[in-house]
Amino acid sequence: ITCCKSLGYGGGVMNAKCVDCDICFNTSVQSGAGAYRAHLVASRIFGNESGKDGGGAHQTKVVGGCCVYGNTAKGSGGGVSNMYKDKNGVAQAWLYNSTVISNKAATGGGVYNMVITNCTVAFNTAANGGGVAHISEILDSWVTNNVATSGTGGGGGIYASSTDNAVTVKRCEIAGNFTAGKGGGTC
């Protein structure tokens with residue numbers, strides 16, 4: 001699914017299950033340039049550009065075994081973005097066994113608001129949360145070499161605002177991240 005454009009949501013895919021797909025070089029004026037409200041498994045999502053949130057994918061509840069790289073969002077989640085939360089504010093979307101690298105966004109360069117398990121999140125860039133932002137849980141993962149560029153924000157690797165619930169981090173390596181503000185590793 002390549003070189004498609006949407007003036008709304010889902011430049012490449014909307015409301016679909018994609019298994020072993022290449023979703024690349026799509027654009028959307030709104031959110032979800034690569035995929036919007038999709039179920040993504042064993043796919044490659046790259047080179048997509050969103051005018052708002054989710055350069056690679058937005059409002060996608062499950063992303064498993066995927067490689068998400070080189071995507072851009074002007075809002076949140078350069079790689080993958082989600083807004084679904086339960087009544088307690090906990091993310092209701094899952095990213096697992098995936099690699100999220102070299103994505104860019106305003107907040108959450110790699111990932112925004114997802115539960116992350118057994119993933120590598122590296123070389124992403126954002127004003128706040130170079131690697132990930134506003135997540136509730138990250139397990140058995142690597143968050144490395146991400147950059148947060150804002151001098152007033154932070155979280156080179158992981159960013160959580162004061163309004164977020166506590167972030168659970170277990171069995172993770174957080175290394176080599178940088179911020180122009182607070183918290184090179186986490187903030």
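For the atom pair Phe123 CZ and Thr99 OG1, the distance stands at 12.0 Å (nearest 0.5 Å). Note that CD1 of Ile116 and CD1 of Ile158 are 7.5 Å apart. Values are rounded to the nearest 0.5 Å. Atom CG of residue Asn82 and atom CZ of residue Arg37 lie 11.0 Å apart, to the nearest 0.5 angstrom. Between the CE atom in Met14 and the OG atom in Ser6 there is a gap of 8.0 Å [rounded to 0.5 Å]. In this structure, CG on Asn145 lies 10.5 Å from OG1 on Thr125, to the nearest 0.5 angstrom. The distance from atom CG of Asn48 to atom SG of Cys24, rounded to the nearest 0.5 Å, is 7.0 Å.
The nearest pair of heavy atoms linking Gly32 to Ser50 is N-OG, 3.8 Å. For the pair Met83 and Gln59, the tightest heavy-atom approach, listed with the atom from each and the gap, is N-OE1, 2.7 Å. Ala93 approaches Thr60 most closely through the heavy-atom pair CB-O, 3.8 Å. Heavy atoms only, all atoms of each residue included: Gly75 and Ala105 are closest at O-CB, 3.5 Å. Considering all non-hydrogen atoms of both residues, Cys119 and Ser141 come closest at N-OG, 3.0 Å. Ser98 and Val63 make their closest contact through OG-O, 3.9 Å (heavy atoms, listed as atom of the first residue, atom of the second, distance).
Here the side chains of Ile23 and Leu40 are in contact, with some heavy-atom distance below 4.5 Å. The closest side-chain heavy-atom distance from Val169 to Thr186 is not below 4.5 Å. Asp20 has its side chain within reach of Arg44: a pair of non-hydrogen atoms, C-beta onward, lies under 4.5 Å apart. Side-chain contact between Val143 and Cys172: absent, with no pair of heavy atoms (C-beta onward) separated by less than 4.5 Å. Within the 4.5 Å cutoff, no side-chain heavy atoms of Thr2 are placed close to those of Asp22. Counting heavy atoms from C-beta on, the side chains of Val62 and Tyr96 come closer than 4.5 Å. Looking only at side-chain heavy atoms (C-beta outward), Thr107 and Tyr112 come within less than 4.5 Å of each other.
With hydrogens and angles ignored, the 3.5 Å screen pairs a side-chain donor or acceptor of Asn124 with a backbone N or O of Val100.
Checked against Asn146 for a side chain to side chain donor-acceptor pair (under 3.5 Å), the options Asn177, Thr179, Asn103 give a single hit: Asn177.
Of the N and O atoms on the side chains of Asp140 and Asn118, not one donor lies less than 3.5 Å from an acceptor on the other residue.
Note on Ile1: it does not cluster hydrophobically with Phe25, by side-chain heavy-atom contacts below 4.5 Å among ILVMFWY residues. Note: the hydrophobic cluster containing Val121 also contains Met114 (ILVMFWY, side chain heavy atoms under 4.5 Å, direct or indirect links). No continuous path of hydrophobic side-chain contacts links Val80 to Tyr36 [ILVMFWY only; heavy atoms under 4.5 Å]. Linking Ile, Leu, Val, Met, Phe, Trp and Tyr whenever their side-chain heavy atoms come within less than 4.5 Å puts Val111 and Ile174 in one cluster. When the side chains of ILVMFWY residues are joined at heavy-atom separations under 4.5 Å, either directly or via intervening members, Ile138 and Trp94 end up in two distinct hydrophobic clusters.
Relative orientation of the Tyr69 and Phe46 rings is parallel, given thresholds of 30° and 60° on the angle between their planes.
With respect to the salt-bridge test (charged N to carboxylate O, under 4.0 angstrom), the residues Lys74 and Asp53 do not qualify.
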